[in-house]
Protein chains: 2
Amino acid sequence: MDTLETRELRYFMAVAEELHFGRAAERLGMAQPPLSRAIQQLERRLGVSLLERNRRGVCLTGAGEVLLHEGRAALDATTAAARRTRRAGGVGRPGGPRNRLMLAVKAAASHELLQKLLDAYAAEPDAAEIEVLPSGMCEQEEMLRDGRADVALMHTPFNSLAGFDSEELMAEGQIAVLPAGHPLAAREALSLADVGDIPDLPLARWPRHGTYPPGPGPEIHDQTQLAQLIALGRTMAVFPDSARAWLWAEHAAVPLTDASPVVTHIAWPPHSRSLALAGLIRTATRL
Amino acid sequence: MDTLETRELRYFMAVAEELHFGRAAERLGMAQPPLSRAIQQLERRLGVSLLERNRRGVCLTGAGEVLLHEGRAALDATTAAARRTRRAGGVGRPGGPRNRLMLAVKAAASHELLQKLLDAYAAEPDAAEIEVLPSGMCEQEEMLRDGRADVALMHTPFNSLAGFDSEELMAEGQIAVLPAGHPLAAREALSLADVGDIPDLPLARWPRHGTYPPGPGPEIHDQTQLAQLIALGRTMAVFPDSARAWLWAEHAAVPLTDASPVVTHIAWPPHSRSLALAGLIRTATRL
DNA sequence: TACGTGTGATACCCACCGGGTATGACAGGG
DNA sequence: CCCTGTCATACCCGGTGGGTATCACACGTA
């Protein structure tokens, strides 16, 4: 048959990501031989070879790469189904199954917008409960896909809206956040070229999907740490305008003339059918 | 655990669609008792009741409805993963795994556009093979989702682009296709109100997702049948401009002034990473 | 009221297979 | 040449998915 059980998918994903049966088995909490066998069975059932076993580890075939991508989406969809079903069945509170909406927002972004949105929505007559899920830099997409979130605030061009429905909420420019004492802090405006290679002030590096881009700047783990490093004159960063809200006295904000505008969207999985979600979207677009 | 196996999803979908354990079991090719038990286990594992067992049959709870929708998406994603992996692994032809692109098109639409697209793409230096998949009225979305197709030509407002990436290719008006002898066939133009209730010429009904909308007109199974019925003066239909290509001598086409324009898009799953697909899209947008 | 009918649930059994352990085959590196 | 690290094979066992037979129950209906 062509059924492709989720267990097999999980196994294959582990092997495809580790490229090593032993480590994959360990990650899966099982022994290596059954894992080998399961992958062999999967390959036989699909009629396709997914891995090339070299002497010394394995590597993916073309079909394996396809299954890695498509399987990720499929696994996310099934865990999303499980999570959302669990939440929908939230054990009988009075008033029937209250479906809480999970809203994913980048931790350090859109404070005012979020505040306005939550206030406006809470004032709606039949407002559902909204749980705000703080998320990392690019995590909202993943959270929407695997069902941890039902709706998210996203920021192009940092987030990709591919695969989601969305409505634009606002657009803003970007600023360079510098130590207040730095010479450039006195400027009226800067260009990306200006801030790209300040010799004594490297650009801070945020993790993207768990890894840091290369560069001379410090690796940033959270916003407070970044604020401190900027205040200490050790680094600088580029942020949307609305980041002014959390700047310190030791910081200076200088507009960037040629940075692409940051557009905030509200985004949700395209097949959503929830009334609460529809209400939230309506509220958001009316802000 | 929170794992939610594919088998369980299949079982639940069957029961949720049939709303009857016996019929669902029959559809699944198994006996009823194991199915009952499997659903019970699923409910216990999720900690949620999915079905309400009434004295005569069953009906869905709120959580059950959620799982029905989310589970459909998840199942489609897994079968898509299987199908695309199989195709990607197409047994070693010379020149490596030739990935054929599966292009879903509404059977009776966009003849010229499709012709132009295929010709232009075939002229590209590294063109992949393209297999054209004829599909029903609204079937392209489903085919993209479950992996039968990699890319599709879609027509808003008939198709929904939700959940796909897409590029607009062309827009056209709509026409009323009438029997040549009918009084209205002589008119220069018509409005929707004009054709909505012609007493002796009811609007033909196409199936949408397998079911026919209500109305007095005949139920249409394929385009030839429709063409015949129109030629016989028994019905009429509304089509995009490009349908003029296949009209018979016994047909008359009259522009509709107030019908919403039909926009043809090329659409594909948002996470696609295929070079061949990228080439086809590039070709299409340059037409 | 009693019985037939159709529903899903329960009881029990068996075979299959998913998982474990032990071991093999094989290629590199010191 | 052996040691190491890799994945594959061999074999065993327990859990469980699936089958059959039957139950419990609600509803018509005579």
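Below, each value reflects all heavy atoms present in this structure, side chains not excepted, and no hydrogens, waters or symmetry copies. Here is the naming used below: chain letters follow the sequence lines, and residue numbers restart at 1 for every chain.
Rounding to whole angstrom units, CG of residue A:L42 and P of C:dC17 are separated by 16 Å. Rounded to an integer number of Å, the gap from A:R37 CZ to D:dA8 P is 13 Å. Atom CD1 of B:I39 and atom C1' of D:dG17 are 14 Å apart (whole Å). If you measure from atom CD of A:Q40 to atom P of C:dC17, you get 16 Å, rounded to the nearest angstrom. Going from atom CG of A:L51 over to atom C1' of D:dT6 covers 14 Å, rounded to whole Å. Across the protein-nucleic acid pair, A:L35 atom CG and C:dG18 atom C1' stand 12 Å apart, rounded to whole Å. With rounding to whole Å, A:E43 atom CD is found 13 Å from D:dA8 atom C1'.
In this structure, A:R205 contributes its side chain and A:P216 its backbone to no donor-acceptor pair below 3.5 Å. A donor-acceptor pair is defined here as one N or O able to donate and one able to accept, closer than 3.5 Å; such a pair exists between the side chain of A:D150 and the backbone of A:M102. Between the side chain of A:T235 and the backbone N or O of A:L229 there is no donor-acceptor pair closer than 3.5 Å.
Side-chain contact, B:S36 with B:Q32: a donor N or O sits under 3.5 Å from an acceptor N or O. A donor-acceptor pair shorter than 3.5 Å can be found between the side chains of A:R10 and B:T3. Looking at B:E43 and B:S49, their side chains never bring a donor and an acceptor atom within 3.5 Å of each other.
Residue A:Q32 has its side chain nearest to D:dC7 when only C:dT10, D:dC7, D:dG18 are considered. Comparing C:dG20, C:dG8, D:dG19 by their closest approach to the side chain of B:M30 singles out D:dG19. If you check C:dT21, D:dG18, D:dC7 against the side chain of A:P34, the one that comes closest is C:dT21. Here C:dA9 is the nucleotide among C:dA9, C:dG20, D:dA8 with the atom lying nearest to any side-chain atom of B:P33.
Between B:S36 and C:dG8 there is no side-chain polar atom (N or O) within less than 4.0 angstrom of OP1 or OP2.
Note on B:Q41: only backbone sugar-phosphate atoms sit closer than 4.0 angstrom, heavy atoms only; bases stay farther off.
Using a 4.0 Å cut-off on heavy atoms, none of the residues of residues 5-14 of chain A approach DNA chain D. Within residues 20-28 of chain A, no residue approaches DNA chain C, by heavy-atom distance under 4.0 Å.
The closest side-chain heavy-atom distance from A:E70 to B:H271 is below 4.5 Å.
Around atom CZ of B:R27, more than 12 heavy atoms belonging to other residues, nucleotides or ligands sit under 6.0 Å away.
We find that A:R23 and A:E17 are not joined by a salt bridge, their nearest charged nitrogen and carboxylate oxygen being 4.0 Å or further apart.
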